[in-house]
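Please read the structure below before turning to the comments.
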Amino acid sequence: MQKNKYIVLSDIHGNLSALQAVLDDATKKYTVDGIIILGDLIDYGMRSNEVISEIQKLSYPIMVNLWGNHEKAVMDMELTRFSSDRGRTMLKYTASKLTAENKAYIQNNMSDNGCKELELNGLKILTIHGNIDDPFWGKLILDTSNDIRYSTYDIVLSGHTHRPFLFERYFKCISEKFRNEKKTIFINPGSVGQPRNHNPKAQYLYMDLDSMEFDFRSVDYNIAAEQALYPNTIDSFYKDRLSIGV
């Protein structure tokens with residue numbers, strides 16, 4: 001029997017408590033046939049090594065495991081695209097703490113081009129961290145989704161913005177059956193470990209491709225426990241933002 005029920009995670013950002021909370025929630029609430037990870041396991045949070053270890057212990061098949069811009073940055077140490085000095089400083093700190101084994105995991109067990117196509121339940125799906133022009137740093141939002149290249153896909157799953165969404169676009173095509181329109185569903189699951197939609201809860205997506213139901217989940221986790229791990233040498237911005245989801 002075809003398995004078509006998946007959890008979709010993005011932007012965990014070294015937040016082990018948040019990751020464990022969403023995995024526990026998904027296990028209790030759903031049947032899960034596989035997991036899709038849209039990038040940025042690491043950085044900003046204090047437990048990047050532990051997050052990678054937790055991912056390696058998953059009992060679900062990992063269908064997709066993308067590099068995000070933070071995996072790319074930590075592997076090539078090209079930091080010019082970060083918008084602030086504190087972001088560059090934080091990435092250097094994370095790079096100094098990552099074990100050799102976990103750097104090898106990033107290199108050898110994650111997709112290093114920031115995107116991957118797959119077919120599930122007869123649907124053509126694009127998974128991407130950023131957008132089709134810039135898979136690592138580009139932002140896929142409503143304004144940038146009207147690109148004919150997306151019409152190839154039935155579903156586009158993206159991360160990077162840390163804000164959940166679901167919307168549809170109808171591209172012109174030659175199809176009498178569908179009145180010359182091709183529908184593409186765009187979905188961002190939100191961020192597990194560092195949401196920016198003014199909701200501090202850990203966020204993820206459950207999708208059932210048999211029923212085409214998409215369930216956006218927000219889960220409580222021990223924010224204070226993660227905040228307590230930040231040393232005084234780290235800009236408090238990254239610690240404080242966890243409390244308010246920005």
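What you see is a predicted model, and the numbers here were worked out from it, not measured in a lab.
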Stepwise side chain to side chain contact (heavy atoms under 4.5 Å, CB included) check, Ile132 with Val156: CA-CA 10 Å; Ile132 206 163; Val156 177; over 6 Å; no
Flag, side chain of Tyr221 to backbone of Val22, donor-acceptor distance under 3.5 Å: no
Validation row: Met90, Phe237 side chains within 4.5 angstrom (heavy atoms): no
Distance, nearest 0.5 Å, that separates CD1 of Ile187 from CG of Leu166: 4.5 Å
In one Ile/Leu/Val/Met/Phe/Trp/Tyr side-chain cluster, 4.5 Å: Phe214, Ile7: no
Within-4.5 Å side-chain heavy-atom neighbours: Val246 and Arg196: no
From CA spacing to verdict: side chain to side chain contact (heavy atoms under 4.5 Å, CB included), Val74, Leu91: CA-CA 7 Å; Val74 86; Leu91 192 283; 4.3 Å; yes
Over 12 non-hydrogen atoms of neighbours within 6.0 angstrom of CZ in Arg217: yes
Spatial distance of atom CG (Leu79) from atom NZ (Lys92) [nearest 0.5 Å]: 6.0 Å
Cluster overlap Val192 with Leu58, hydrophobic side-chain contacts below 4.5 Å: yes
Whether Asn49 side chain and Thr99 backbone form a donor-acceptor pair below 3.5 Å: yes
Note, Met46 side chain near Pro231 side chain (heavy atom, < 4.5 Å): yes
Side-chain touch Met207/Ile36, heavy atoms, less than 4.5 angstrom: yes
Crowding at NZ, Lys103 (>12 non-hydrogen neighbours, <6.0 Å): yes
Main-chain N/O of Leu123 paired with Asn121 side-chain donor or acceptor, under 3.5 Å: no
Side-chain heavy-atom pair Pro135, His129 within 4.5 angstrom cut-off: no
Considering all heavy atoms, the nearest Tyr238-Ser84 contact: OH-OG, 4.4 Å
Step-by-step side chain to side chain donor-acceptor pair (under 3.5 Å) determination, Tyr153 to Glu117: CA-CA 9 Å; Tyr153 306 99; Glu117 296 180 2; 2.4 Å; yes
Interatomic spacing from CZ in Phe82 to CZ in Arg88 - rounded to 0.5 Å: 8.5 Å
Least distance between heavy atoms, Val32 atom then Tyr206 atom: CG2-CE1, 4.4 Å
Test item: side-chain donor near acceptor, Thr94 and Asp43, under 3.5 Å: yes
Derivation of the side chain to side chain donor-acceptor pair (under 3.5 Å) call for Thr144 and Asn131: CA-CA 8 Å; Thr144 61; Asn131 66 29; 4.6 Å; no
Spatial distance of atom OG1 (Thr27) from atom NZ (Lys29) [nearest 0.5 Å]: 13.0 Å
Tyr150 side chain vs Phe171 backbone, donor-acceptor pair below 3.5 Å: no
Exam field: side chain Ser111 to backbone Lys116, donor-acceptor pair closer than 3.5 Å: no
Criterion side chain to side chain donor-acceptor pair (under 3.5 Å) on Gln56 and Asn109, from CA distance to verdict: CA-CA 10 Å; Gln56 291 181 82; Asn109 297 90; over 6 Å; no
Donor on one side chain, acceptor on other, Tyr105 and Asn65, under 3.5 Å: yes
Atom pair OG/CG of Ser48 and Leu41 - distance to nearest 0.5 Å: 8.5 Å
Flag, side chain of Ser191 to backbone of Asp11, donor-acceptor distance under 3.5 Å: yes
Note, Arg169 side chain near Lys182 side chain (heavy atom, < 4.5 Å): no
Thr127 and Met63: CA distance, side-chain angles, deciding distance, side chain to side chain contact (heavy atoms under 4.5 Å, CB included) verdict: CA-CA 10 Å; Thr127 62; Met63 314 301 294; over 6 Å; no
Partner set under side-chain hydrogen bond (donor to acceptor under 3.5 Å, both in side chains) for Thr161, not counting sequence neighbours: Asn188
Which atom of Ile42 lies closest to which atom of His70, heavy atoms considered: CD1-O, 3.7 Å
Student check: side-chain heavy atoms of Ile155 and Leu209 closer than 4.5 Å: yes
Donor + acceptor pair across side chains of Asp40, Gln194 (<3.5 Å): no
Whether Phe186 and Phe167 hold their rings parallel, tilted or perpendicular, with breakpoints at 30° and 60°: parallel
Cluster link Met110 to Val64, ILVMFWY, side chain under 4.5 Å: no
Lys/Arg N to Asp/Glu carboxylate O, Arg81 vs Asp134, below 4.0 Å: yes
Distance (rounded to the nearest 0.5 Å) between Trp137 CH2 and His160 NE2: 6.5 Å
Presence of salt bridge, Asp208 and Lys5, under 4.0 angstrom: yes
Flag side-chain contact, heavy atom, 4.5 Å: Arg47 against Glu226: yes
Ile128 reachable from Ile62 in the ILVMFWY side-chain graph, under 4.5 Å edges: no
Atom of Val51, atom of Asn15 and distance for their closest heavy-atom approach: CG2-N, 3.7 Å
Side chain Gln20, main chain Ser17, donor-acceptor under 3.5 Å: no
Check against side chain to side chain contact (heavy atoms under 4.5 Å, CB included), Ile52 and Ile106: CA-CA 9 Å; Ile52 292 173; Ile106 292 170; 4.1 Å; yes
Hydrophobic cluster membership, Leu19 vs Ile37, 4.5 Å side-chain cutoff: yes
Closest heavy-atom pair and its distance - Leu38, Pro189: CD1-CD, 3.8 Å
Sidechain N-carboxylate O distance under 4.0 Å for Arg149, Asp133: yes
Nearest heavy atoms of Val219 and Tyr204, plus distance in Å: CG2-CE2, 3.8 Å
